[in-house]
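Working notes, beginning with the structure itself.
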Amino acid sequence: MGDEQRCLAYSTAAATLKSLPFTVTTMSQIVDLKGLGSGHCLKVLQETLDTGYCREVVSKRDSDKYKSIKSLTGVYGIGNSVAEKLYTSCNITSVSDIITSWGRLALNDERIKYGVAYYEDLNTPVTRETAERIQGVVRRELDQVTQGYKLELMGGYRRGKSSGHDVDLLVCCGSNDEDGGSTGGVVGSGGSAGGVGLATVSCFIQLISSFSNYKYFFLQAAYRKQSDRVSSMDNYEKCVCILKCPLQDDWTPDPMEDIQTDVSSLVTSGQNGDRGWRATRVDLVYVPQHQWPYAVLGWSGSKLFLRLLRRYASSTLGLVLTSHGLWNYCKRKLSSTLQGR
DNA sequence: GACCAACTGGT
DNA sequence: ACCAGT
DNA sequence: GGTC
Ligand SMILES: Cc1cn([C@H]2C[C@H](O)[C@@H](COP(=O)(O)OP(=O)(O)OP(=O)(O)O)O2)c(=O)[nH]c1=O
Ligand SMILES: [Mg+2]
């Protein structure tokens, strides 16, 4: 049921107001703005301007259900659907409820374990300073396996934000790494990478391997379509992980530290602020050089901007815009040098 | 009343 | 197909 | 929920 679309409508309305160069004080300033419509949004705004708040907003915001769902979806890996079920069918209202009732809830998604164990860390804003520290960690790992690469901060930071919910990094390998050709150990989905240390292995796989070597947490890896692979080994396009971000410059991960796999040990080891690191969500995206501009566009956001831009590409230009390229519907990549627009 | 971005991975 | 995520 |  089109909740996603209603969310889109609210986002557009909010962005419309945010874009105004002045503080809104009267309805006449906003009634004719595109994106606000003539219904719900205006009603909320009218009441807010008249009385300082909107009864519907306040009652929704302060309702027990809203507060519970908000806490539950704050767990990485729990979305609206599961949160709703936990709340209505299991009387679960908080993360501590989840921990207490873990055994009977059958939450199978591996991410939820980490989401619960590092709930506080993962809901603490990541400062730009932290993001740059992570970038430094990644840069030093990359320097050991390749050269001539590009590595840039993406997402909110690239748009000038000073904090965010994660660190988005875009990597583009140097020309030496493009098309290695040789095949080697296959990297299994979801965790330990094999065949580490071979010169022919893609720098991205080596990078990810260094994370598991160092006992960082590894969550998920996405594959790249065969046709887009830079080399035969190089089948990862994205790595979604949680890294231990050093709190001081001199901290290095302890290779002896075991990775905990059950929630209770994760939760206990996740507590305690005094551990020299903070759990940080990191997205690493790896693209071949010819896709770099599309990847920069696609990973800079914002989410709303991308949706509007892609809608324009599709409905006005008749093209498909993704983070890999600009295509026509027959799946032929548009040669932008020939089609100069 | 149709349309609303485009995609991947886990179950 | 559904859910969660980018 | 807003736009066309
Ligand atoms: C969430 C989301 C992100 N993206 C892209 C654009 C985002 O800028 C990029 C990174 O995703 P996010 O990290 O979720 O977005 P962000 O970096 O803008 O926000 P924050 O500062 O809170 O981290 O991925 C999508 O294309 N679609 C989506 O639905
Ligand atoms: Mg981000």
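Lettering of chains follows the sequences in order, A, B, ..., and the numbering in each one begins at 1.
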Just call it for Ser315(A): base, sugar-phosphate, or nothing, with non-hydrogen atoms closer than 4.0 Å on any strand. nothing

If only side-chain N and O atoms of His165(A) are considered, is one of them under 4.0 Å from the OP1 or OP2 phosphate oxygen of dT6(C)? yes

Taking side chain as C-beta onward, heavy atoms only, is Ile112(A) less than 4.5 Å from Trp102(A)? yes

note: Tyr312(A), atom OH; dC4(D), atom C1'; distance rounded to Å ~ 17 Å

Reckon Arg311(A) touches a base, only the sugar-phosphate, or nothing at all at heavy-atom distances under 4.0 Å? sugar-phosphate

Shortest side-chain distance from Arg111(A), nucleotide among dA4(C), dT3(D), dG1(D): dA4(C)

Would you mind telling me which of dC3(C), dG1(D), dA6(B) lies closest to the side-chain atoms of Arg310(A)? dA6(B)

Counting any heavy atom closer than 4.0 Å, what does Leu308(A) reach on the DNA or RNA strands: base, sugar-phosphate only, or nothing? nothing

Give one of base, sugar-phosphate or nothing for Asp109(A), where a contact means two heavy atoms less than 4.0 Å apart. nothing

Select base, sugar-phosphate, or nothing to describe what Leu309(A) touches, counting heavy atoms under 4.0 Å on all strands. nothing

Do Ser81(A) and Lys85(A) pair up side chain to side chain, a donor and an acceptor below 3.5 Å, judged on atom types alone? yes

Is it the case that the side chains of Tyr66(A) and Ser59(A) hold a donor-acceptor pair, with the cut-off being a distance below 3.5 Å and no angle test? no

Side-chain touch His40(A)/Tyr10(A), heavy atoms, less than 4.5 angstrom: yes

Check every strand shown and say whether Val82(A) touches a base, only sugar-phosphate, or nothing at a heavy-atom separation below 4.0 Å. sugar-phosphate

Looking for any heavy atom pair under 4.0 Å, which part of the strands does Cys41(A) touch: base, sugar-phosphate only, or nothing? sugar-phosphate

The residue, Leu321(A) or Asn108(A), whose nearest nucleotide of DNA chain B is more 5′ is Leu321(A)

Closest to the Lys238(A) side chain, choosing from dG1(D), dT6(C), dA5(B): dT6(C)

NA contact type, Val44(A), heavy-atom cut-off 4.0 Å: base, sugar-phosphate, or nothing? nothing

Ser81(A) side-chain N/O to dC3(C) phosphate OP1/OP2 under 4.0 Å: yes

Under 4.0 angstrom, heavy atoms only, what part of the nucleic acid is Lys34(A) near: base, sugar-phosphate, or nothing? sugar-phosphate

